[in-house]
Amino acid sequence: QVQLVESGGGLVQPGGSLRLSCAASGFTLDLYAVGWFRRAPGKEREGVSCISATDDMPYYVDSVKGRFTMSRDNAENTVYLQMNSLKPEDTAVYYCAASSLYGSTCSTVDLRYGMDDWGKGTLVTVSS
């Protein structure tokens, strides 16, 4: 059974950092595209970053470039999202998701495309 479990959310002051984790079970992460997403209050869920099965170079949306870093630990079957220089507008529930297509790549048009399995999310609040 495919399962994704996020952790690491919490309350942080503006300018602070957090590292989110997404532990996968039931499948091997590095064989599928995996992404981080977020849903801010009153807004649609949006893509943040994504790693394709075919390479180790994450794609980032413009709003987080230079501040967020996505990585994948194949031995732990876990992906991470290191978030630095956090802003109040980063406040959201953060989700990880994976494609069910073997060897899948991220869609840079819309990161949500092709993502089939989702975690339940972890809340990140950036506030003073």
Side-chain angles (χ1 to χ4, degrees):
Q1 181 181 358
V2 171
Q3 190 173 18
L4 296 163
V5 179
E6 304 93 337
S7 61
L11 174 64
V12 62
Q13 292 186 342
S17 298
L18 279 177
R19 189 177 82 152
L20 306 183
S21 302
C22 173
S25 59
F27 72 109
T28 303
L29 263 180
D30 65 341
L31 299 179
Y32 303 87
V34 182
W36 282 100
F37 301 81
R38 64 187 181 186
R39 177 178 282 157
K43 295 188 178 181
E44 289 188 357
R45 186 157 53 189
E46 63 175 359
V48 174
S49 64
C50 186
I51 295 181
S52 298
T54 53
D55 62 57
D56 289 327
M57 294 295 291
Y59 173 85
Y60 302 96
V61 296
D62 288 345
S63 59
V64 306
K65 279 181 182 176
R67 301 188 299 123
F68 290 11
T69 302
M70 182 178 181
S71 60
R72 183 172 57 201
D73 185 328
N74 296 336
E76 295 294 326
N77 211 33
T78 299
V79 291
Y80 300 95
L81 186 67
Q82 177 67 43
M83 305 186 296
N84 299 329
S85 302
L86 282 162
K87 305 174 182 180
E89 51 263 44
D90 295 317
T91 294
V93 177
Y94 283 72
Y95 304 86
C96 66
S99 170
S100 62
L101 181 64
Y102 179 86
S104 43
T105 57
C106 302
S107 168
T108 56
V109 174
D110 186 337
L111 296 184
R112 295 171 295 182
Y113 180 77
M115 294 296 170
D116 302 303
D117 298 299
W118 293 80
K120 293 183 179 180
T122 185
L123 177 62
V124 172
T125 303
V126 184
S127 176
S128 55

Minimum heavy-atom separation for [X] and [Y], please, with both atom names.
| X | Y | result |
| --- | --- | --- |
| Ser49 | Leu111 | N-CD1, 3.7 Å |
| Leu29 | Thr78 | CD1-N, 3.5 Å |
| Val34 | Met70 | O-CE, 3.3 Å |

Could you check whether any side-chain N or O of [X] sits under 3.5 Å from a backbone N or O of [Y], counting only pairs where one atom can act as donor and the other as acceptor?
| X | Y | result |
| --- | --- | --- |
| Ser52 | Ala33 | no |
| Asp116 | Ser100 | yes |
| Asn77 | Phe27 | yes |
| Glu6 | Leu20 | no |
| Thr91 | Val126 | yes |

Min side-chain heavy-atom separation Trp36-Val79 under 4.5 Å: yes
Connected via hydrophobic side-chain network under 4.5 Å: [X] and [Y]:
| X | Y | answer |
| --- | --- | --- |
| Leu101 | Leu4 | no |
| Leu18 | Val5 | no |
| Leu86 | Tyr80 | no |
| Met57 | Phe68 | no |

Rounded to the nearest 0.5 Å, what separation is found between the [atom1] atom of [X] and the [atom2] atom of [Y]?
| X | Y | atom1 | atom2 | answer |
| --- | --- | --- | --- | --- |
| Met115 | Ser104 | CE | OG | 7.0 Å |
| Cys50 | Tyr60 | SG | OH | 11.0 Å |
| Asp55 | Asp30 | CG | CG | 12.0 Å |
| Leu11 | Ser128 | CG | OG | 9.5 Å |
| Asp117 | Cys96 | CG | SG | 10.0 Å |
| Arg19 | Met83 | CZ | CE | 11.5 Å |

Review point. For atom NZ of Lys43, is the number of surrounding heavy atoms from other residues, nucleotides or ligands below 6.0 Å larger than 12?
Key: no
- Message: For Glu89, is the CD atom crowded, meaning more than 12 foreign heavy atoms sit under 6.0 Å from it?
- Response: yes
Problem - side-chain contact (heavy atoms from CB on, under 4.5 Å) evaluation trace for Tyr113 with Thr108 - result: CA-CA 9 Å; Tyr113 180 77; Thr108 56; over 6 Å; no
* Asked: Thinking salt bridges, do Asp62 and Lys65 make one under a 4.0 Å N-O criterion?
  -> yes
**Prompt:** Where do Ser17 and Val12 land on the side-chain contact (heavy atoms from CB on, under 4.5 Å) test, with the steps shown first?
**Reply:** CA-CA 7 Å; Ser17 298; Val12 62; over 6 Å; no
Phe37-Trp118 aromatic ring centre distance below 6.0 Å
yes
From the list Val61, Leu81, Val48, side chain to side chain contact (heavy atoms under 4.5 Å, CB included) with Arg38 holds only for Val48
